[in-house]
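Since the structure comes first, as structure tokens, the remarks are kept for the end.
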Amino acid sequence: MVRKLSDNSWEIPIGRTPGMRVPGRLFVSESLLEGIDPGTIDQIANVATLPGIQKYSMAMPDAHLGYGFAIGGVAAFDREEGILSPGGVGFDINCGVRLIRTNLQKEEVVPHIEALTEALFHNVPSGVGSKSRIRASDRELDDAFLHGARWAVEAGYGVEADTEHCEADGFLDGADPSHVSTKARTRGKPQFGTLGSGNHFLEVQYVDEIYDRDVASAFGLVEGQVTVMIHCGSRGAGHQICTDHLRELSQAVKKYGIQIPDKQLACAPAQSREAQNYFKAMLCAANYAWANRQVITHWTRETFEKIFGRDADDLGMDLLYDVAHNVAKLEEHRVDGKKKEVYVHRKGATRAFPPEHPEVPAAYRAVGQPVLIPGSMGTPSFILCGTKEAMDISFGSACHGAGRIMSRAHAKTEFRGQTIKENLEAQGITVRATHPSVIAEEAPGVYKSSSEVVNVVHELGIARKVARVIPLGVAKG
DNA sequence: ATGTTC
């Protein structure tokens, strides 16, 4: 059913799903392959039937079942002959991760970790339906849809350097709020600066291991240093935008006579009105998510200032980087020796651009894009760098996290939140959540090992390990 | 992921 190409690379041959235009390719170790659901492999094969797909339909080592496309999936489609599909992006448009440096050492933070975690939990609203202190006007919402993190910085939530250290400078061009429904706007307005629920979190961490001293130095990372990781997305706005346009694109599938093996793969020709309307609305959600993470960054800095009695500049709280891991983008890639423009869909996959790529910020141009891979609650997260190999193998992409292996429902029967919390506290990790069930659903045991997943992309060479960070305090919804 | 069942 899958054919081994190398230690971490497997081919899903043409034929697993009728109508496959290219093979599938799954990047996993032999041991991770055992945990991959056959349905996930079917999803990778299904995507290979879509018009204009380039090279192969891929999935990263953290792959698992998603809506239509597998989570952990990467697929690139020809700009003219290809398609755009909301299932290839996911409901949480521009779910992503950012990492803030500090010049604090672990020893300085540990005595304050309970107060710090409590204050972060208090200052950054979290949980399903959580609301912000900010009540955005229609005009501000439009500005955020159009300008992302740049809007947030101009509104006073951060500094100029923050946007320079985001993928795409914290906003994508071409967004058009006229394709965002009133319902999506209503859901989005009160949610700027909120974390949400599920696997989203705000985590205080420390660097415990450096793998590549030169790159770590370029990223401003040293052993023992405290960092803050923020993982969240576009909240209700992005979810509603996806829902609205899925409905439109389900109709478009019939209109354009596209054969799809699964209704969840609703799509339309890339340059059709329907696909472009989705794309312009998706860019609004992507920009909303960058604005959201930027506002959270501001409140995180304020919280540190209060707890440590020093200002954020003095604490060295610079943004290291911000990555999107649920987004579709028009990018230039080399296919069959020729440069071409493709819509790269990354759904639970991180861009991993190499040294010297013009889209990598000047500060990191010599070493490659920072690739931020969050672990599950209580397990290590990793900082990697992008590589030339990623451009050759995976359309400049790597994995995005540990990858869930147990459903939320199952997790709640298997684990007790309070017990998990006590276990984590025994390891020196403070957890603050809206409800114990949130902790049970996100227990470390419901995920693959982040270390094992990261080792696959490192060994393949599609991203290289730079540093590992260990949690000290976690706030989540 | 999500005002967690249109």
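Keep in mind the model is a prediction, meaning the values are calculated, not measured. Proteins come first, then strands; the chains are lettered A, B, ... in the order of their sequence lines, and each starts at number 1.
One atom, NZ of A:K476, and another, C1' of B:dT2, lie 15 Å apart when rounded to the nearest Å. Counting to the nearest Å, the C1' atom of B:dT2 and the CG atom of A:N292 are 14 Å from each other. In this structure, A:I93 places its CD1 atom 12 Å from P of B:dT2, rounding to the nearest Å. For A:R404 and B:dT4, the CZ to P distance is 18 Å, given to the nearest whole Å. In this structure, A:K263 places its NZ atom 16 Å from P of B:dC6, rounding to the nearest Å.
Under a cutoff of 6.0 Å and an axis angle of 45°, A:K329 and A:Y343 do not form a cation-pi pair.
Residue A:Q191 is in sugar-phosphate contact alone, with no base atom involved, counting any heavy-atom pair closer than 4.0 Å across all strands shown. Using a 4.0 Å heavy-atom cutoff across all strands shown, A:K183 reaches at least one base atom of the nucleic acid.
Using cut-offs of 30° and 60° on the angle between ring planes, the pair A:F69 and A:H345 is parallel. Under the 30°/60° scheme for interplanar angles, the aromatic rings of A:Y56 and A:F27 are found to stand perpendicular.
A:T419 pairs with exactly one of A:R416, A:K421, A:E422 by the side-chain hydrogen bond (donor to acceptor under 3.5 Å, both in side chains) rule, that one being A:R416.
Taking the six-membered ring wherever Trp is involved, the centroid distance between the rings of A:H325 and A:H231 falls below 6.0 Å.
Near DNA chain B, meaning a heavy atom under 4.0 Å from it, residues 235-247 of chain A has A:R235, A:G236, A:H239 in order of number.
Heavy atoms only, all atoms of each residue included: A:A268 and A:A275 are closest at O-CB, 3.8 Å.
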